[in-house]
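Down below is the structure, laid out as structure tokens.
When a ligand or atom number is given, it counts from 1 through the structure's own listing order.
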Amino acid sequence: MIQTAPAAFSVSADLKAAYQRDGFVHVPNIINREEAIGFRAAAVVATERLGAISDNAMFRQSVNVWREDAAMARLTQHHNIAAAAEQLAGVALRLWHDQILIKPAQNSKPTEFHQDQPYWPHTQSTHPISAWIALVDVPVERGCMTFIPSAQGRTELPPTSLSAQQGFFDVAPDLIWSPRVTVPLRAGDCTFHHGRCPHMATPNFTDQARVAHVVIFVDEATIYTGARHVVTDPLGLEAGASLDGELFPRARTFIG
Ligand code: SIN
Ligand code: NI
């Protein structure tokens with residue numbers, strides 16, 4: 001039997017326009033449900049084996065799993081995710097890092113509103129984009145994402161606490177009055193959001209853990225600022241260095 005290469009994933013013009021306008025978009029079935037179920041099991045095993053950099057009431061967070069876990073590397077390097085991210089961002093991207101985020105069953109706390117990019121030691125990255133992939137069904141009650149549309153142009157805001165309910169709105173009080181969009185996902189669906197799109201995740205009130213995998217890309221031309229970050233601290237990079245090399249691979253190397 002002749003094996004054919006998988007068709008390149010293609011994002012519709014409507015989805016691209018929605019991403020450019022809103023700063024986030026929902027892409028159903030970025031992987032299929034069976035794949036998601038397999039990656040859910042792999043994510044739980046990887047988190048147990050590798051441990052978590054944060055383990056609090058909001059989530060267990062394991063970072064840069066792809067470097068340590070061959071099974072999860074297949075998801076982080078999935079050609080559909082890289083292809084969709086580059087099409088939505090409209091520029092060449094490289095991997096910044098991935099993370100498994102597990103919200104435990106029952107009474108977990110919300111992940112409060114924030115933007116992602118202020119946490120990162122980057123300049124010359126104007127198109128950062130994160131794929132948040134549901135590895136279980138994530139109804140609103142299990143800890144899904146909520147976004148503030150069309151606020152990704154707010155590039156002046158500082159980092160805010162993930163656990164402080166008012167933290168983000170203390171620095172952006174006008175956005176209290178913006179509409180919010182809450183996006184429940186089926187296993188295998190994902191959302192993509194811009195690194196400056198304000199977002200939060202609801203608590204998990206259900207009896208099942210919420211398992212999500214997040215793959216974060218930044219512009220290929222991103223420069224390291226020298227600020228502290230768990231991903232770059234061990235690398236001994238000089239401020240002003242390019243984020244290149246095999247630790248930050250180009251998205252196009254995943255697309256084939
Ligand atoms: C979460 O899943 O709890 C938060 C994810 C994010 O902030 O990107
Ligand atoms: Ni975030």
Ligand 1: protein N/O within less than 3.5 Å of ligand N/O:
| unit_1 | atom_1 | unit_2 | atom_2 | d |
| --- | --- | --- | --- | --- |
| ligand 1 | 2 (O) | Trp132 | NE1 | 2.9 |
| ligand 1 | 2 (O) | Arg210 | NH1 | 2.9 |
| ligand 1 | 2 (O) | Arg210 | NH2 | 3.0 |
| ligand 1 | 3 (O) | Thr111 | OG1 | 2.7 |
| ligand 1 | 3 (O) | Arg210 | NH1 | 3.3 |
| ligand 1 | 7 (O) | His114 | NE2 | 2.9 |
| ligand 1 | 7 (O) | His199 | NE2 | 3.1 |
| ligand 1 | 8 (O) | His199 | NE2 | 3.2 |

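Residue His193 does not count as close to the Ni ion (ligand 2), with no N, O or S atom under 2.8 Å.
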TODO: Tell me, with the steps shown, if Arg60 and Glu48 meet salt bridge (Lys or Arg N to Asp or Glu O under 4.0 Å).
DONE: CA-CA 10 Å; Arg60 296 198 81 191; Glu48 288 305 318; 3.3 Å; yes
- [ ] Take Phe39 and Ile133, measure what side chain to side chain contact (heavy atoms under 4.5 Å, CB included) needs, and give me the verdict at the end.
- [x] CA-CA 10 Å; Phe39 284 126; Ile133 307 141; over 6 Å; no
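Looking only at distances, no side-chain donor or acceptor of Asp98 sits under 3.5 Å from a matching main-chain atom of Thr76.
Val230 has its side chain out of reach of His97: every pair of non-hydrogen atoms, C-beta onward, lies at least 4.5 Å apart.
Salt bridge status for Glu220 with Arg250: present, with a side-chain N to carboxylate O gap under 4.0 Å. Between Glu35 and Arg33, no side-chain nitrogen of the basic residue sits less than 4.0 Å from a carboxylate oxygen of the acidic one, so the salt-bridge criterion is not met.
No other N/O/S atom of Asp116 lies as close to the Ni ion (ligand 2) as OD1 does.
Relative to the ring axis of Phe205, Arg210 does not place its NZ or CZ within 45° and under 6.0 Å from the centre.
Considering the Ni ion (ligand 2) as centre, the angle to NE2 of His199 and to NE2 of His114 is 90° (10° rounding).
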